[in-house]
Engineer: 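This is the structure I have questions about; it appears just below.
Chain A is the first sequence line, chain B the second, and so forth, proteins listed ahead of strands; every chain is numbered from 1. Note that the structure is predicted; figures quoted are calculated from it, not measured.
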Protein chains: 2
Amino acid sequence: MADLNTKQKIIKASIRLFNENGLANVRLQQIANEIGISPGNLAYHFRNKEAIIEAVDEDLFEEAAEILSTYRIFPNLIDFDNQLSKYYSFIQKYPFYFLDMLEIQRQYPEMHSKRQVQVCKMISQIHKRFAFNQSRGLILEEPRAGLYNEIAEAIWVLITFWVPQNLIRGSEASMNVLEFKQMIWNQVYPYFTDQGQAEFEQLIRPLLKQRSAGS
Amino acid sequence: MADLNTKQKIIKASIRLFNENGLANVRLQQIANEIGISPGNLAYHFRNKEAIIEAVDEDLFEEAAEILSTYRIFPNLIDFDNQLSKYYSFIQKYPFYFLDMLEIQRQYPEMHSKRQVQVCKMISQIHKRFAFNQSRGLILEEPRAGLYNEIAEAIWVLITFWVPQNLIRGSEASMNVLEFKQMIWNQVYPYFTDQGQAEFEQLIRPLLKQRSAGS
DNA sequence: GTCTATAGAGTGATAGAC
DNA sequence: GTCTATCACTCTATAGAC
């Protein structure tokens, strides 16, 4: 099936262009040029622009789902830190996936509802981490009912919009995964018990201090 | 000057349509229809689409600048709470202003740089609030160098993307200014001194408990 | 200041040869 | 599976009458 190859090339090129220009500003012509095929050929593989966007969305949806699935039965601090690293890579690789969410909602509502489910799952997963680590004695009793849910939602917003926000502010160069993770851990830190703080200092702090060294 | 009137009508209609459909999806024809004038007349008042977007941007830029200017010489907690209410109204009124930031950056770079300055000012203002209230004994010594700057940046992201994010998640109905302010105060609360906590409970907590009552 | 009419440059999608 | 050619349509911007 040689056509799978071209199909994949189209998807890859589309992702690249979507990232650079945004969904609404990418022309079918551009995609065709990018991989050296004709617009007619493009139409052979995808009946229209929406079909391309759908295919791209499915690919990225699955990649995001994989990250979500790394949530384990016993989610310790290291586990969360690893997941944060993965989220960072994902969002940096596909910023349009989040920045064009509103565009998708407006133009392709069906795709959007699938994502909403994923977002809810992500927030609830963060919330469960609080609950689990509370049972382990690392996190304080909830100081006020509903607080940890609010914090979980805040963490989601920060995970999702921190990287795009830095793109917008034009400080891409200085941004790195350590600053990102530091900022998320800032959200959790105030709610550690003494034991939680100790475990954090021992297991996580060293990971945040690495200079972005090679190897 | 009857033309000022039409000019204003064009700007108002544009804002409405930009909010609904996003910058890239609004047609000049649409704007003209919205206020019952012809596209030709539109062209008389604004030489092209970019000129309209510029005018809109200037209006909103000034409105945002006004909110920023309410920062006082002695910024106490109530002052910040008031400013938060104003930000909330602003962002809810003009969500596209933030969500289409990337679009603006891509298509109209000159406008964008003006905004970047404003964003920096906003973050630095939040940071100054920490410093000032630390000197008043309401905020703890910075537990780790740079922390309050990180928190200030997180607060900015949350202020800016919380409302749009709720739009995207489709929970507009349930969102209200109290939840919004509660979420921002969550960011500050862990760093209050005992005195800070006391002042917060006395002055701010009552404001967060109001049901969204009439009058 | 406002209109109608239209030019001119895309843009998405299709038909049909190879 | 890929191409060229082209249609039908949309959008911005302009020209010129009123």
Side-chain angles (χ1 to χ4, degrees), chain A residues 1-59 96 100 102-111, chain B residues 1-58 96 100 103-111:
Chain A
M1 307 272 180
D3 86 294
L4 276 181
N5 202 350
T6 301
K7 240 180 163 135
Q8 285 307 316
K9 272 204 275 186
I10 292 170
I11 292 177
K12 258 191 104 176
S14 300
I15 290 175
R16 211 175 320 133
L17 290 168
F18 289 158
N19 269 327
E20 277 168 34
N21 310 310
L23 275 183
N25 299 313
V26 174
R27 308 299 150 205
L28 295 183
Q29 187 67 253
Q30 252 180 301
I31 299 175
N33 290 345
E34 185 82 4
I35 50 177
I37 65 169
S38 67
N41 192 8
L42 224 174
Y44 171 79
H45 291 285
F46 296 96
R47 74 129 109 355
N48 56 26
K49 191 177 176 181
E50 180 164 357
I52 297 178
I53 296 174
E54 252 171 50
V56 167
D57 190 69
E58 258 170 58
D59 268 29
F96 88 95
D100 280 339
L102 191 69
E103 179 71 11
I104 288 175
Q105 182 185 32
R106 288 190 285 229
Q107 309 283 326
Y108 319 99
E110 339 70 52
M111 269 180 257
Chain B
M1 310 264 179
D3 86 293
L4 276 182
N5 202 350
T6 301
K7 240 180 163 134
Q8 284 308 315
K9 272 203 275 185
I10 292 170
I11 292 177
K12 257 190 104 177
S14 301
I15 291 174
R16 211 174 321 133
L17 290 168
F18 289 158
N19 269 326
E20 278 168 35
N21 310 311
L23 275 182
N25 298 313
V26 174
R27 310 298 152 205
L28 296 184
Q29 185 68 253
Q30 253 179 301
I31 299 174
N33 290 345
E34 184 83 3
I35 50 177
I37 66 170
S38 69
N41 191 9
L42 223 173
Y44 171 80
H45 291 284
F46 296 95
R47 82 122 106 339
N48 55 26
K49 191 178 175 180
E50 179 164 359
I52 297 178
I53 295 174
E54 252 173 48
V56 166
D57 189 70
E58 259 172 55
F96 88 95
D100 281 339
E103 179 71 13
I104 287 175
Q105 182 185 30
R106 287 191 285 229
Q107 308 284 327
Y108 318 99
E110 340 70 51
M111 269 180 254

Engineer: Starting at atom CD of A/Q30, determine the distance to atom P of C/dG10, rounded to an integer number of angstrom.
Structural biologist: 13 Å

Engineer: How many whole angstroms separate atom CD1 of A/I37 from atom P of C/dC18?
Structural biologist: 21 Å

Engineer: Are A/I53 and A/F18 close enough that some pair of their side-chain heavy atoms sits under 4.5 Å apart?
Structural biologist: yes

Engineer: What do the steps show when you test A/Q8 against A/I11 for side chain to side chain contact (heavy atoms under 4.5 Å, CB included), and what is the final call?
Structural biologist: CA-CA 5 Å; A/Q8 285 307 316; A/I11 292 177; 4.3 Å; yes

Engineer: A side-chain contact here means heavy atoms from C-beta on lying under 4.5 Å apart; do B/E110 and B/E50 qualify?
Structural biologist: yes

Engineer: Strictly below 4.0 Å: does B/T6 bring a side-chain N or O up to OP1 or OP2 of C/dG1?
Structural biologist: no

Engineer: It should be established whether B/R27 places a side-chain nitrogen or oxygen under 4.0 Å from OP1 or OP2 of nucleotide D/dT10.
Structural biologist: no

Engineer: Measure the distance from CD on A/Q29 to P on D/dT10 and round it to the nearest whole Å.
Structural biologist: 20 Å

Engineer: Let me know the distance between CG of A/N48 and C1' of D/dC9, rounded to the nearest Å.
Structural biologist: 16 Å

Engineer: In whole angstroms, how far is the P atom of D/dT14 from the CZ atom of B/R47?
Structural biologist: 8 Å

Engineer: Identify which nucleotide among D/dT12, D/dC3, C/dT2 has an atom closest to any side-chain atom of B/L28, counting heavy atoms from C-beta outward.
Structural biologist: D/dT12

Engineer: Between P on C/dG12 and CG on B/N25, what's the gap in Å once rounded to a whole number?
Structural biologist: 13 Å

Engineer: Picking from C/dG12, D/dA13, C/dT14, which would you name as closest to the side chain of A/K49?
Structural biologist: C/dG12

Engineer: Within this structure, what is the CZ-to-C1' distance between A/F46 and C/dT14, rounded to whole angstrom?
Structural biologist: 18 Å

Engineer: Just to be sure I understand the rule, does A/N41 reach a base, reach only the sugar-phosphate, or reach nothing, if contact means heavy atoms closer than 4.0 Å?
Structural biologist: base

Engineer: Could you state the CD1-C1' distance from A/I31 to C/dT11, rounded to the nearest angstrom?
Structural biologist: 12 Å

Engineer: Taking the side chain as every heavy atom from C-beta outward, state whether B/D100 and A/L102 have any atom pair closer than 4.5 Å.
Structural biologist: no

Engineer: From C-beta outward on A/Y44, which listed nucleotide comes closest to its side chain: D/dG1, C/dA13, C/dC3?
Structural biologist: D/dG1

Engineer: Looking at D/dT4, C/dT4, C/dT14, which one has an atom nearest to any side-chain atom of A/S38?
Structural biologist: D/dT4

Engineer: Any non-hydrogen side-chain atom of B/Q30 less than 4.5 Å from a side-chain atom of B/N21?
Structural biologist: yes

